Amino acid sequence: MRLRNIPRAEGVVASSPFVIQEPHMLCGAWRRQFGNEHPIHIEVGMGKGRFLREMAARHPEYNYIGIERYTSVLLRAIEKIEEGQIPSNFLFLCQDAVLLPEIFAPGEVERIYLNFSDPWPKERHADRRLTSERFLRCYEKILKASGTVEFKTDNQELFTFSLESAQAAGWQIVASTRDLHRDVMREGNVMTEYEEKFSSQGNRICKMVIRRPE
């Protein structure tokens, strides 16, 4: 995936009060950072952050952490926050998802959201997909025993891959649909920027909820 480089992005991300600069120092202590004992939910590859901003506003009973690898993308999320107000239960990290087990202690996270992740369509790049067995092993290390991953995409091939990957890794398929907006699973759904765009073009939205192996 090619991204337009924004020279000022690194400086803004490094100086933003909304971004935790050394997250590994908080491994096992994220609730202390938030100042409460609320469950922690994270989104991996959060883009401009619209989904988590709305989730945090709707659900003050949870702590939310948005994780984005690219500074040029995270810059946009920071700018969106600065235009309004950031909920007290919302933080950003600029990190690669493979480092999650170094950032969160075993069982520290209750739920992980993956929304419209890069499909990495070439087969040789399959292990870069955020629903590959490689990443599922990372999620398994940080989720609590009953923890779940929620994944949405409009890419039918990626969705098939994701279901198969989860089953191969021993995860339980709690629920799934290939047409979210016409399914009972749409109740309480919070749309992302991509979801709004793709659904307006007539694309069906897929969603699965999976639970980590016992």
Side-chain angles (χ1 to χ4, degrees), residues 1-35 40-57 62-105 108-109 111-122 124-132 134-135 137-139 141-142 149 151-153 158 190-197:
M1 179 175 66
R2 294 178 63 87
L3 293 172
R4 182 169 66 90
N5 180 53
I6 303 177
R8 63 188 179 89
E10 288 193 12
V12 172
V13 169
S15 62
S16 173
F18 308 130
V19 182
I20 299 297
Q21 302 299 330
E22 297 184 333
H24 63 283
M25 299 294 290
L26 291 171
C27 183
W30 284 100
R31 289 180 176 84
R32 187 173 66 208
Q33 174 69 25
F34 282 103
I40 294 172
H41 292 188
I42 69 176
E43 182 181 11
V44 180
M46 69 170 195
K48 297 178 183 177
R50 168 179 162 179
F51 173 80
L52 272 200
R53 287 199 310 274
E54 185 165 342
M55 291 293 288
Y62 297 111
N63 296 321
Y64 293 92
I65 301 174
I67 301 169
E68 177 54 54
R69 177 181 178 182
Y70 301 102
T71 57
S72 293
V73 178
L74 185 51
L75 170 67
R76 300 308 187 196
I78 293 170
E79 291 174 337
K80 291 290 184 181
I81 286 294
E82 291 175 345
E83 291 172 5
Q85 293 183 334
I86 185 169
S88 61
N89 59 333
F90 187 21
L91 293 171
F92 295 140
L93 304 181
C94 188
Q95 294 289 326
D96 191 310
V98 297
L99 299 177
L100 288 175
E102 299 176 23
I103 295 171
F104 299 99
E108 193 168 21
V109 175
R111 185 170 301 162
I112 298 173
Y113 300 101
L114 307 173
N115 291 314
F116 298 87
S117 310
D118 191 328
W120 292 104
K122 295 181 179 179
R124 69 175 184 272
H125 294 152
D127 67 346
R128 299 185 186 182
R129 299 168 189 161
L130 291 180
T131 51
S132 68
R134 172 196 181 201
F135 281 103
R137 287 193 295 270
C138 290
Y139 308 149
K141 291 176 182 178
I142 66 173
V149 172
F151 171 63
K152 288 195 288 188
T153 183
L158 177 61
V190 172
M191 297 243 285
T192 74
E193 293 96 335
Y194 281 129
E195 183 173 357
E196 190 172 78
K197 174 184 176 182

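Just so it is clear, the model here is predicted, and its values are computed rather than measured.
You'll find the side chain of V98 reaches within 4.5 Å of the side chain of R134, heavy atoms only. Looking at heavy atoms from C-beta onward, V44 lies out of side-chain contact with F135 at the 4.5 angstrom threshold. Residues L74 and M46 have side chains in contact (heavy-atom distance under 4.5 Å, counting atoms from C-beta outward). Put simply, the side chain of F92 does not reach to within 4.5 Å of the side chain of L52, judged on heavy atoms.
Across every non-hydrogen atom of I142 and L100, the tightest pair is CG2-O, 3.7 Å. For the residue pair R129 and K122, the shortest heavy atom distance occurs at NH2-O, 3.6 Å. For F151 against S117, the heavy-atom pair with the smallest separation is CE1-OG, 4.0 Å.
Taking the six-membered ring for Trp and thresholds of 30 and 60 degrees, Y194 and F116 have ring planes inclined between 30 and 60 degrees apart. In this structure, W30 and F34 have tilted ring planes: the angle between them lies in the 30° to 60° band.
Residues passing the side-chain contact (heavy atoms from CB on, under 4.5 Å) test with E54 are R58, V190, sequence neighbours excluded. For Q95, there are no side-chain hydrogen bond (donor to acceptor under 3.5 Å, both in side chains) partners, not counting sequence neighbours. Checked against ring-ring contact (aromatic ring centres under 6.0 Å, His included), Y139 has no partners two or more places apart in sequence or in another chain. Contacts of H125 classified as ring-ring contact (aromatic ring centres under 6.0 Å, His included), with partners at least two apart in sequence or in another chain: W120.
With hydrogens and angles disregarded, a donor-acceptor distance shorter than 3.5 Å links the side chain of E108 to the backbone of A29. Using a distance-only test at 3.5 Å, with no hydrogens or angles considered, a donor-acceptor pair links the side chain of S72 to the main chain of I6. Of the possible donor and acceptor atoms, none in the side chain of R69 sits under 3.5 Å from a partner among the backbone N and O of D96.
The side-chain hydrogen bond (donor to acceptor under 3.5 Å, both in side chains) analysis of residues 41-51, with sequence neighbours excluded, yields the pairs H41-E110, H41-Y113, E43-N115, R50-E196. Every pair passing salt bridge (Lys or Arg N to Asp or Glu O under 4.0 Å) that includes a residue from residues 6-35 is listed here, sequence neighbours excluded: R8-E79.
Atom OH of Y64 is separated from atom CG of L91 by 13.5 Å, given to the nearest 0.5 angstrom.
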